[in-house]
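Working notes, beginning with the structure itself.
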Amino acid sequence: MTDPILLTPGPLTTRLETRRAMLRDWGSRDPAFIALTAELRARLLAVAQGEATHACVPLQGSGTFIVEATLATLLRPADRLLVLVNGAYGERIATIARRMGRAVDVLRWPEDRPVDPGRVAEALGGDPRLTHVALVHCETTTGLLNPLAGVAAVVAQAGRHLLLDAMSSFGAIGTDLRAVPVAAVMASSNKCLEGVPGIGFALIERRMLAAAESVSPSVSLDLHAQWRGFEQDGQWRFTPPVQVVAALVEALRQLESEGGPAARLARYGENCRVLVAGMRRLGFDLYLEEALQAPIIATFRMPEARPLRFASFYDALAARGFLIYPGKLTQAETFRIGCIGAIDRGDIARLLTAVEAVLGEVAAA
Ligand SMILES: *Cc1c(COP(=O)(O)O)cnc(C)c1O
């Protein structure tokens with residue numbers, strides 16, 4: 001049995017070398033693993049050019065854990081968070097902040113519209129209590145790319161702090177922390193970095209992180225304490241997922257040899273173009289306007305003319321070795337196909353052949 005191609009970010013399809021890096025046992029307090037952790041933190045910081053200003057704090061868990069830990073560490077009881085929402089991951093940020101008892105305001109846009117920096121500027125101007133703003137860079141609900149530079153500029157101009165969920169963009173869509181003012185960038189191991197799941201991390205302005213002692217109401221989700229641990233002895237506070245760390249370091253070395261985020265984005269862009277053109281030819285329209293679609297995950301409408309249930313479409317493609325994603329929209333009937341992971345246009349071409357064969361079967365039935 002060969003592994004299926006995962007078009008489900010994430011977990012997503014990883015390189016064999018990345019999975020091979022997990023074959024070894026590491027002592028978590030051994031100098032070799034301490035060096036590996038240091039390499040991990042340095043490489044993650046370098047991906048966003050944050051060496052001079054930010055610190056990298058990795059944390060055990062999926063992406064949601066790092067979002068929760070970052071909000072817990074940086075939002076004080078007197079702070080007020082403005083969450084910019086045009087999809088499920090923005091909603092999740094608001095839910096997390098509310099659950100920990102922080103004051104939250106929400107600005108909403110339809111799921112097929114980008115966040116508008118002008119409205120953000122207006123909201124900040126109208127409410128001096130707002131201290132932080134949260135933005136989802138690529139809203140994975142649809143694959144929409146929000147205007148990071150525009151939002152970051154108005155947040156900085158208003159003297160507030162931007163918290164960026166870059167989970168599904170980090171490693172491909174560049175975030176240059178020397179040029180774009182972001183207080184905290186949050187991401188995880190298993191999306192554009194092409195590692196395996198199990199680690200989230202935040203790149204946080206050092207000054208802000210240093211001032212956040214004992215702010216978090218949680219012991220394990222406290223990034224100040226987690227950072228102090230790394231700074232003191234290079235070790236993780238609690239049991240680290242050693243194999244996941246080893247795989248992510250290997251994946252980061254491969255990102256460098258591929259040519260960095262720009263080269264990776266070019267590969268994903270080609271995957272996405274081939275996918276969208278091929279799906280259109282087969283009768284599936286893109287849900288978003290093409291200009292708003294990031295080459296990360298594409299959302300397609302179920303054709304109204306064709307009686308195709310997602311479950312049977314999924315099963316038929318899975319039988320041919322491709323796993324796709326259901327839609328996550330509240331309105332339209334859709335499904336999603338990822339463009340990221342260790343895949344190229346040849347894999348996408350094979351997927352399109354499989355989709356065409358499945359459609360032929362449905363028509364014949
Ligand atoms: C994947 C993702 C997350 C985190 O999801 P987990 O399932 O907890 O890993 C958060 N935000 C965005 C935008 C994502 O794509």
Side-chain angles (χ1 to χ4, degrees), residues 6-14 44 48 57-72 81 83-97 99 106 108-109 111-112 114-115 133-148 151 162-173 175 182 184-203 218 220-221 223 241 244 247-248 251 264-265 268 272 287-288 292-299 323-329 334-341:
L6 303 186
L7 303 165
T8 57
L12 40 60
T13 292
T14 54
L44 290 172
V57 192
L59 180 75
Q60 302 89 331
S62 86
T64 304
F65 290 66
I66 195 68
V67 173
E68 191 144 3
T70 304
L71 298 182
L81 176 68
V83 188
L84 313 177
V85 175
N86 56 352
Y89 291 100
E91 296 289 358
R92 189 179 295 176
I93 292 175
T95 303
I96 289 170
R99 177 68 74 88
V106 173
R108 279 198 180 77
W109 287 263
E111 285 166 327
D112 60 352
V115 164
V133 177
L135 174 71
V136 179
H137 192 192
C138 171
E139 194 25 284
T140 323
T141 308
T142 53
L144 184 150
L145 187 66
N146 277 313
L148 169 60
V151 172
L162 181 61
L163 312 178
L164 182 68
D165 175 347
M167 211 68 64
S168 63
S169 57
F170 193 89
I173 302 174
T175 321
V182 184
V185 179
M186 302 162 264
S188 67
S189 51
N190 62 288
K191 289 186 179 173
C192 299
L193 294 177
E194 300 184 0
V196 303
I199 299 175
F201 57 90
L203 312 181
S218 162
S220 56
L221 303 180
L223 296 186
V244 178
L248 185 53
R264 184 151 292 182
L265 185 65
Y268 292 170
C272 192
Y287 166 77
L288 292 174
L292 300 173
Q293 174 72 61
I296 301 294
I297 184 167
T299 302
L323 304 192
I324 65 168
Y325 236 29
K328 204 181 170 89
L329 291 179
T334 57
F335 61 92
R336 292 175 294 168
I337 298 181
C339 309
I340 66 179

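As the structure is a prediction and not an experimental result, all values here were calculated from the model. The residues of the chain are indexed from 1 along the displayed sequence. Every number for a ligand or one of its atoms is a count from 1 in the order of the listing. All values below were derived from every heavy atom in this structure, side-chain atoms included, with hydrogens, water molecules and symmetry-related copies excluded.
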### Task
Could you please spell out the steps behind the side chain to side chain contact (heavy atoms under 4.5 Å, CB included) verdict for T175 and L148?
CA-CA 9 Å; T175 321; L148 169 60; 3.9 Å; yes
### Query
Can you check whether G341's main-chain N or O pairs, donor with acceptor, with T13's side chain at less than 3.5 Å?
no
### Query
For the side chain of N146 and the backbone of V115, is there at least one donor-acceptor N/O pair under 3.5 Å apart?
yes
## Note on the structure
for atom 9 (O) of ligand 1, nearest protein heavy atom and its distance come out as G63 N, 3.0 Å
### Task
Check for a donor-acceptor pair, side chain of S189 on one end and backbone N or O of I199 on the other, with a separation under 3.5 Å.
yes
## Note on the structure
Honestly, for H137 the part within reach of ligand 1 (heavy atoms, under 4.0 Å) is neither
### Task
Would you kindly specify which portion of K191 sits under 4.0 Å from ligand 1, judged on non-hydrogen atoms: side chain, backbone, both or neither?
side chain
### Check: E139 side chain, Y89 main-chain N or O, donor-acceptor pair, under 3.5 Å
yes
### Message
How long is the straight-line distance from CD1 of I337 back to CD1 of I297, given to the nearest 0.5 Å?
### Response
9.0 Å
#### Entry: For atom 3 (C) of ligand 1, the protein heavy atom that lies nearest, with its residue and separation
M167 CG, 3.4 Å
### Message
So if I count the atoms of ligand 1 from 1 in the order they appear, which ones are less than 4.0 Å from some heavy atom of V136?
### Response
13 (C)
### Message
Taking a cutoff of less than 4.0 Å between a non-hydrogen atom of the residue and any ligand atom, is E139 in contact with ligand 1?
### Response
no
### Task
Using modelled atom types only, decide if a donor and an acceptor are shared between the side chain of T64 and the backbone of V67 within a distance under 3.5 Å.
no
### Query
Among protein heavy atoms, which lies nearest atom 15 (O) of ligand 1, and at what distance?
T140 OG1, 2.5 Å
### Message
Residue-level breakdown please: for C138 versus ligand 1, do any non-hydrogen atoms fall below 4.0 Å on the side chain, on the backbone, on both, or on neither?
### Response
backbone
#### Entry: Closest protein heavy atom (residue, atom, distance) for atom 11 (N) of ligand 1
D165 OD2, 2.7 Å
### Message
With a heavy-atom distance limit of 4.0 Å, tell me whether T64 approaches ligand 1 through its side chain, its backbone, both, or neither.
### Response
both
### Query
Quick one: which ligand 1 atoms are inside 4.0 Å of a heavy atom on S168?
15 (O)
### Query
Does T334 use its side chain to pair, donor to acceptor, with the backbone of G327 at less than 3.5 Å?
no
